[in-house]
There are 2 protein chains.
Amino acid sequence: MARGTKITIRDVAARAGCSVATASRVLNRSGATSADSRARVERAAADLGFAFSAIGRALQSSRSMTVGVLVPSLANPVFAEAVQGAQEQLRDAGYQCLIASSTYDPERDAEALRVLTAKQVDGLIVTMVAPEDSSELGAARASGIPAVLMFHDPRAGLLSAHVDNAAAAREVARRCADAGHRNTGFLALRFSTSDRSRARFTGFMQGCAALGMAAPVLVEVSEDEAASPAALARTLSAHPGLTAIFASNDVLAIALQRAARELGLRVPQDLSVIGFDGIEIGRHLDRPLTTVETDPEAMGRQAARLLLAMLRGEMPEPPAPLPFTFRPGATLGAPAEDRDDDRAATRSPSAHPDQNPSFKRT
Amino acid sequence: MARGTKITIRDVAARAGCSVATASRVLNRSGATSADSRARVERAAADLGFAFSAIGRALQSSRSMTVGVLVPSLANPVFAEAVQGAQEQLRDAGYQCLIASSTYDPERDAEALRVLTAKQVDGLIVTMVAPEDSSELGAARASGIPAVLMFHDPRAGLLSAHVDNAAAAREVARRCADAGHRNTGFLALRFSTSDRSRARFTGFMQGCAALGMAAPVLVEVSEDEAASPAALARTLSAHPGLTAIFASNDVLAIALQRAARELGLRVPQDLSVIGFDGIEIGRHLDRPLTTVETDPEAMGRQAARLLLAMLRGEMPEPPAPLPFTFRPGATLGAPAEDRDDDRAATRSPSAHPDQNPSFKRT
DNA sequence: TTGTACGCGTTATCAT
DNA sequence: ATGATAACGCGTACAA
């Protein structure tokens, strides 16, 4: 049944007995048309099942109505949700999404940007390893393609839909201090390729310092380590003095608890664990995960709104960071043993940190 | 710095002092060219930073090198991973992905298909509410656009990358029987819009019947119910006799355990829980989730491979279903009490009941 | 109100 | 080996 014959506006015009110009005017409701020809054209289009070719339109208008979206990986639910949000918002404005992923490889970031610009996208929404160092991103912007970042802290001249990772991490430090912790660690995955991870560590350090705690120990793990409870347990056992660990994301925080259990450590009595992202599953666990809740879908939508404004020729203000919420769970508690020399500086008046009202910041 | 002036092959030709035809031949390595002009053209292209316009190419070749991918939602990690797999495989073959999502709305399925075909995609990979009833999908295929399904059981004339949901569900029934369960339930989300959910229930019914167990109780829940432990607990308490519940996906299975806990039920002593999908987090839980493990990313890759074959003009064989693995966890165990009086009552020698499922496809 | 004709960027055909 | 030109589908300036 494959009739490869595409129907074009010429076919419609022919059947309606008019010129393509008239057909175009009718179908686009542009320009003046007689009721008579209007009816005939619309009838013909319907009969033929005509649909405009976006390619032809793009060529003539030099607008593809397509936006390029680049993220590290859709296998990470946080990015997937953001893309979903962006895609929906763009769809409402008539734009489609061309997607690409880099798997955290800067070279693939570059290649993806080349392909997307070759496809003549009208705009770009990107999360990449190093936006500020990307000559491809610079070239795209220089050639007039508006671009906005997602997840990244705002860069020079670049708008970004983001949360204030450092501020969120400082809040985590405060909650740790309130619970009585002094010796903490930061468990990081992809530290070198994720500025989010780095920003969270920086903020956590700042917070710990400001609260008189020891500087947090940075514990970097590979994907393989993170996936293996045994390997993670080995890594963890190399840092016996820690009473609380802030993981750079929720999945890692959950894996960490598994590893802790293998070492015979109880959570939170022997080790407190705090995550980041606020994935849905975290609240359904037997021991609900203490974490920082964010809204990736909203981030995607905001990125899309910013880009749409730019596509309309506006110059939107840099947006305020999106809100995050500290979600008290059951994995952060007081350390089992208080050491007298620590107590004075860090003891909080609250005995039940997990029942504190959640902290909200915009 | 926005010089909106796109550099075209004419600019390259002008700078190289030759015709566009020669420039095209050099840049595409098609046709014969002199070493001299080759050098000049390549130099000019490099100097200008020339890149082909995919739009111009698409118009002239009527091939967009773009594939349309339609899924219910990228917020569901299962679909997101599949898209990631498909996207990577297609990228290796030089294709990009235009994505669309329906949020399980058939009307949006239709609209997405219209848009994608208007954008002249060379092929389609789709997961939708009702592929067999979609006139848009039929129209696309009739007009020569190859399409493959993802997640769906194979339909008449349509290839699909899928797992055998019914067989997997029968395996779950067998494991339940082995553990000594007789009164089971199937907890379903989006039963009416997901044929995966329906296939799993059907298979579970078949398995239960074949093993002499009571017919599983179908418990449908809304998104809101699934998200609220309290609501889920209420629904659950309406079915006190069940000793094991098979949830239509892992997230639901985890939420279910939370609800069970609210009712004072211990898992698995008082209630066994089995999930579906095999999400990574499930194995890191304190009580690792018993589930059926699948590989959505592999499914996406297979769908892409099938489509690529069709785009090469081949007519690939219907693929074998992708493998699934029953992953024993700690949430399926023997029921605490055996009730002798139930056994005789529910044993049915007849195979008839399970062949007339109580739900109807729409 | 309607039609003609050009240009968008590219490749292929046909001469030269 | 190279160049001129048509064609792809569309919108629009211009002419009628």
Side-chain angles (χ1 to χ4, degrees), chain A residues 4-42 44-45 48-66 94 115 117-122 143-144, chain B residues 4-42 44-45 48-66 94 115 117-122 143-144:
Chain A
T5 43
K6 298 276 172 209
I7 12 207
T8 79
I9 198 169
R10 312 177 62 109
D11 301 321
V12 175
R15 185 175 235 263
C18 68
S19 74
V20 292
T22 300
S24 173
R25 278 187 284 255
V26 169
L27 265 14
N28 288 305
R29 285 137 182 55
S30 73
T33 51
S34 71
D36 179 47
S37 55
R38 199 174 318 154
R40 297 214 313 286
V41 167
E42 254 147 16
L48 266 34
F50 168 78
F52 281 109
S53 158
I55 301 281
R57 275 188 155 163
L59 185 61
Q60 107 81 25
S61 68
S62 71
R63 299 186 54 215
S64 63
M65 297 305 283
T66 301
V115 174
T117 56
K119 290 242 173 171
Q120 228 92 25
V121 294
D122 293 335
S143 76
Chain B
T5 42
K6 298 277 170 208
I7 343 195
T8 78
I9 199 168
R10 312 177 63 109
D11 301 320
V12 175
R15 186 175 236 263
C18 66
S19 73
V20 292
T22 300
S24 173
R25 278 186 284 256
V26 170
L27 266 13
N28 288 304
R29 286 138 183 54
S30 72
T33 51
S34 71
D36 180 48
S37 56
R38 199 173 320 155
R40 296 214 315 285
V41 167
E42 254 147 15
L48 267 34
F50 169 77
F52 280 110
S53 158
I55 302 279
R57 274 190 159 161
L59 184 60
Q60 111 79 28
S61 68
S62 72
R63 298 185 54 213
S64 63
M65 297 305 284
T66 300
V115 173
T117 55
K119 290 243 173 171
Q120 227 93 22
V121 294
D122 293 335
S143 75

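Just so we're on the same page: letters track the sequence lines, and every chain starts at 1. Since we're looking at a predicted model, the values are computed, not measured. Hydrogens, waters and symmetry mates play no part in the numbers below; they use all other heavy atoms, side chains included.
Of all the residues in residues 20-31 of chain A, A21(A), T22(A), R25(A) reach under 4.0 Å from DNA chain C with at least one non-hydrogen atom.
As a whole-Å value, the separation of D11(B) CG from dT10(C) C1' is 13 Å. Distance, R63(B) CZ to dT11(C) C1': 13 Å, rounded to whole Å. K119(A) places its NZ atom 15 Å from the C1' atom of dT10(C), with the value rounded to the nearest Å. If you take CZ of R10(B) and P of dG7(C), they are 9 Å apart, rounded to a whole angstrom. Following rounding to the nearest Å, I55(B) (CD1) and dT11(C) (C1') show an atom-to-atom distance of 16 Å.
Applying the side-chain hydrogen bond (donor to acceptor under 3.5 Å, both in side chains) test to T8(B) and every residue at least two apart in sequence or in another chain returns nothing. By the side-chain contact (heavy atoms from CB on, under 4.5 Å) test, S19(B) is found to be paired with A21(B), T22(B), residues two or more places apart in sequence or in another chain being considered. Taking R57(A) as the reference, N28(A) meet the side-chain hydrogen bond (donor to acceptor under 3.5 Å, both in side chains) condition, with sequence neighbours excluded. The side-chain hydrogen bond (donor to acceptor under 3.5 Å, both in side chains) search around T33(B) returns R38(B), not counting sequence neighbours. In this view, S34(A) and D36(A), S37(A) satisfy the side-chain contact (heavy atoms from CB on, under 4.5 Å) rule, not counting sequence neighbours. Scored by the side-chain contact (heavy atoms from CB on, under 4.5 Å) test, A54(A) finds K119(B) as partners (sequence neighbours excluded). With sequence neighbours excluded, the residues satisfying side-chain contact (heavy atoms from CB on, under 4.5 Å) with I55(B) are I55(A), A58(A), L59(A), S64(A), Q120(A), S53(B).
If you walk DNA chain D from 5' to 3' and mark each nucleotide with an atom closer than 4.0 Å to a heavy atom of chain B, the marks span dA1(D) to dG9(D).
The bend of the helix from dT1(C)-dA16(D) to dT16(C)-dA1(D), defined by the angle between the axes of its first five and last five pairs, stands at 50° to the nearest 10°.
Both F50(B) and S34(A) sit near DNA chain C, but only S34(A) has its closest nucleotide nearer the 5' end.
Comparing dC8(C), dT4(C), dT11(C) by their nearest atom to the side chain of Q60(A) picks out dC8(C).
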Check your understanding: Can V41(A) and C18(A) be said to form a side chain to side chain contact (heavy atoms under 4.5 Å, CB included), step by step?
Key -> CA-CA 8 Å; V41(A) 167; C18(A) 68; 3.7 Å; yes
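Nearest approach of I7(B) to F50(B), heavy atoms of both residues: O-CD1, 3.5 Å. Closest approach of S24(A) to S30(A), counting heavy atoms only: O-OG, 4.5 Å.
Heavy atoms of S62(A) sit nowhere under 4.0 angstrom from any nucleic acid atom. Using a 4.0 Å heavy-atom criterion, one finds that S53(B) contacts the sugar-phosphate atoms exclusively.
Listed by first then second residue, pairs satisfying salt bridge (Lys or Arg N to Asp or Glu O under 4.0 Å) with a partner in residues 9-33 of chain A read R15(A)-D47(A), R29(A)-E42(A), not counting sequence neighbours.
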